[in-house]
Amino acid sequence: MENLVVAADRFKPQGTVIDIQEYGNGNVNDTFLVTLDSQGEKHFILQRINTRVFCEPELVTGNMRTLSEHVRTRLQRAPVSAGRRWEVPRVLLTPDGEDHWVDSSGSFWRAISFIDAAQSFDTVKDIEHGSEVGHALGMFHGLISDLPSDTLADTLAGFHITPRYLRHYDEIVAQAHLGSSPEVNYCLEFVRERRIWAHVLEDAKAQGRLRLRPIHGDPKVNNVMIDTATGRAISIVDLDTVKPGLVHYDIGDCLRSCCNPLGEETERWETVRFETDLCQAILRGYLLLARDFLTENDYDYLYEAIRLIAFELGLRFFTDYLEGNVYFKVRHREHNLARALVQFKLTESIGSREATIRAIIEDMR
Ligand code: GN1
Ligand code: MG
């Protein structure tokens with residue numbers, strides 16, 4: 001706690017720190033909500049970056065600053081439509097003007113402003129919420145569509161490059177003591193049968209069909225902030241994985257997260273399913289804004305992207321389970337195995353609804 005107060009003190013915009021609580025349920029970084037006794041802003045977000053994952057954490061804060069400055073300028077030039085607000089968390093600076101602070105034990109801290117009068121949810125509540133999440137992703141992509149992707153650093157090499165996750169998986173499987181539980185066997189078999197999918201987006205990129213753009217990297221449902229009063233989406237937070245990539249990673253990630261009504265932490269993995277009505281609402285919300293910058297080729301790969309990113313996340317969780325939980329934070333030893341089963345069941349469900357999902361996409365082209 002003492003460390004936390006010291007770190008919070010470095011970034012506090014004004015006032016006195018009166019409370020610090022763990023916040024959200026991120027799988028990688030440690031996040032805290034700091035409360036201030038102050039006339040101005042009452043809260044801010046303090047984070048300890050997991051430097052085992054983000055090996056060059058100053059690139060992460062650098063990208064956040066580039067992005068928020070770009071979006072702020074864009075919004076000044078063309079404000080959002082009436083009845084809406086759109087916010088980008090501000091990077092807070094230390095008294096020396098630094099966007100991060102490293103404590104005596106080597107922990108890397110940074111802070112961002114808190115988005116007030118808004119909340120996020122771990123699952124999509126209804127069609128309207130789904131459509132707002134889609135709107136948020138469209139808004140985000142639209143606002144950064146003119147930000148040259150070479151102005152952003154690659155903060156996490158290999159992120160969402162499925163063939164790299166597969167290579168790593170093969171190395172781990174070759175070394176791991178696998179045991180023989182039915183769940184582990186199901187996962188091994190699952191990957192064996194579907195590993196041929198892994199290259200689809202990277203091949204399309206290499207062939208020039210899909211191009212790199214700035215992306216969010218992690219637009220899951222609980223990263224979309226909803227205005228408490230209006231129910232409208234007003235921000236996408238968690239900008240750590242903003243970097244050049246394919247918008248397909250984002251669309252796939254958003255849909256795999258939003259169209260799973262049981263949520264990614266459910267224990268009832270056998271009954272996980274992909275809800276196509278939600279998929280339709282989210283894509284509709286997204287495409288109302290994204291239509292202007294998506295190409296015909298982009299549409300051609302949407303279905304594959306949805307299926308692939310669910311599979312990829314399952315593969316990442318399963319690999320981490322086999323490796324001894326070195327990447328994602330876990331509450332128990334089998335946690336990553338349980339998460340992998342959820343994503344694999346979701347992938348199965350996406351496969352069994354392929355015709356419906358493709359029809360939804362075709363209908364919106
Ligand atoms: C991780 O840490 P968090 O919860 O924001 C992960 C995402 C996964 C997500 C699954 C850097 O995000 O890729 O989709 O867990 N982030 C990183 O919940 O690996
Ligand atoms: Mg994240």
Side-chain angles (χ1 to χ4, degrees), residues 22-32 45-57 59-61 63-64 67 89 108 110 112 120-124 133 136-137 140 152-162 164-165 168-169 201 215-225 235-246 248-260 262-266 269 272 305-321 323 325-331 335-347:
E22 268 195 71
Y23 189 72
N25 34 23
N27 291 329
V28 174
N29 297 323
D30 298 323
T31 304
F32 305 91
I45 296 288
L46 176 69
Q47 288 184 299
R48 178 168 39 217
I49 304 293
N50 180 336
T51 47
R52 220 162 43 171
V53 170
F54 295 102
C55 307
E56 294 179 275
L59 298 183
V60 175
T61 38
N63 276 0
M64 276 190 74
L67 178 123
F108 186 101
R110 65 101 193 273
I112 50 176
S120 71
F121 302 87
D122 286 330
T123 52
V124 173
V133 174
L137 187 60
F140 187 86
L152 295 173
D154 188 349
T155 48
L156 201 53
F159 190 56
H160 286 313
I161 311 286
T162 321
R164 285 185 55 162
Y165 293 117
H168 183 56
Y169 166 80
L201 292 182
I215 62 158
H216 181 280
D218 190 17
K220 54 181 176 179
V221 54
N222 59 13
N223 281 334
V224 175
M225 303 300 297
S235 184
I236 303 198
V237 294
D238 184 9
L239 304 175
D240 301 332
T241 43
V242 164
K243 66 190 205 97
L246 299 178
H248 294 72
Y249 305 152
D250 276 357
I251 300 167
D253 197 53
C254 185
L255 289 169
R256 68 104 202 129
S257 149
C258 292
C259 303
N260 166 9
L262 292 179
E264 60 184 81
E265 292 289 330
T266 182
W269 61 275
V272 165
I306 301 168
R307 193 178 59 181
L308 183 69
I309 300 299
F311 174 69
E312 177 193 276
L313 186 58
L315 178 70
R316 293 172 63 200
F317 283 141
F318 184 45
T319 308
D320 202 34
Y321 167 73
E323 205 175 351
N325 308 314
V326 296
Y327 185 100
F328 296 105
K329 293 196 272 183
V330 286
R331 283 194 299 277
H335 196 164
N336 276 319
L337 177 60
R339 288 165 168 160
L341 291 165
V342 171
Q343 295 305 316
F344 287 159
K345 273 288 163 191
L346 190 66
T347 310

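In each ligand, atom 1 is the first atom listed, and ligand 1 is the first ligand listed. No hydrogens, no waters, no symmetry mates; every other heavy atom, side chains included, goes into these values.
In terms of heavy-atom proximity, F328 sits nearest to D320 at N-OD2, 2.9 Å. Scanning both residues, T31 and I45, for their nearest heavy atoms gives CG2-CG2, 3.7 Å.
The pair D238-K220 does not count as a salt bridge, with every side-chain nitrogen at least 4.0 angstrom from each carboxylate oxygen.
Between H216 and F140, the two ring planes are perpendicular [angle over 60°; tilted spans 30° to 60°]. Relative orientation of the Y169 and F318 rings is tilted, given thresholds of 30° and 60° on the angle between their planes.
Contacts with ligand 1 closer than 4.0 Å are made by heavy atoms of both the backbone and the side chain of V28. Contacts of D238 with ligand 1, taken as heavy-atom pairs under 4.0 Å, involve the side chain alone.
Ranking the protein heavy atoms by distance from atom 15 (O) of ligand 1 puts N27 ND2, 3.1 Å first. Counting protein heavy atoms only, atom 14 (O) of ligand 1 is closest to R256 NH2, 3.5 Å.
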Residue pair N336, E323: steps toward the side-chain contact (heavy atoms from CB on, under 4.5 Å) verdict: CA-CA 10 Å; N336 276 319; E323 205 175 351; over 6 Å; no
May I have the step-by-step check of side-chain contact (heavy atoms from CB on, under 4.5 Å) for D218 and D253, ending in yes or no? CA-CA 7 Å; D218 190 17; D253 197 53; 3.7 Å; yes
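Residue Y327 approaches ligand 1 through these ligand atoms, each under 4.0 Å from one of its heavy atoms: 11 (C), 17 (C), 19 (O). Of all atoms in ligand 1, numbered sequentially from 1 with element shown, those under 4.0 Å from a heavy atom of L156 are 11 (C). Which parts of ligand 1 touch E264 is read off a 4.0 Å heavy-atom cut-off, strictly below it: atoms 10 (C), 18 (O). Numbered from 1 in the order shown, with element, the atoms of ligand 1 that lie under 4.0 Å from a heavy atom of F159 read 13 (O), 17 (C), 19 (O). Proximity to K220 (heavy-atom distance under 4.0 Å) selects the following atoms of ligand 1: 3 (P), 4 (O), 9 (C), 10 (C), 12 (O), 15 (O), 18 (O). Atoms of ligand 1 found under 4.0 Å from any heavy atom of F54, numbered from 1 in the order shown, are 11 (C).
Considering backbone and side-chain N/O atoms, N223 never comes within less than 3.5 Å of an N/O atom of ligand 1. For the pair D218 and ligand 1, the shortest N or O to N or O distance falls below 3.5 Å. Between N29 and ligand 1, no N or O atom pair is found at a separation short of 3.5 Å. Note: no N/O pair closer than 3.5 Å links H160 and ligand 1 by distance alone.
Between the side chain of K243 and the backbone N or O of L156 there is at least one donor-acceptor pair closer than 3.5 Å. Judged by distance alone, with hydrogens and angles left aside, the side-chain atoms of N63 form a donor-acceptor pair with the main-chain N or O of A153 at under 3.5 Å.
Among residues two or more places apart in sequence or in another chain, the side chain to side chain contact (heavy atoms under 4.5 Å, CB included) test is passed with T162 by A198, L308, E312. Contacts of P57 classified as side chain to side chain contact (heavy atoms under 4.5 Å, CB included), with partners at least two apart in sequence or in another chain: I49, T51, F108. For E265, the salt bridge (Lys or Arg N to Asp or Glu O under 4.0 Å) criterion is met by R331, R339, not counting sequence neighbours.
Residue L246 holds its CG atom at 7.5 Å from CD1 of I161, rounded to the nearest 0.5 Å.
Protein N/O/S atoms closer to the Mg ion (ligand 2) than 2.8 Å number 2 in this structure.
Using a non-hydrogen distance threshold of 4.0 Å, R316 registers as a contact of ligand 1. Put simply, no part of E312 is less than 4.0 Å from ligand 1, judged by heavy atoms.
Each of L262, V272, L313 was compared with V342 under the side chain to side chain contact (heavy atoms under 4.5 Å, CB included) criterion, and only V272 meets it.
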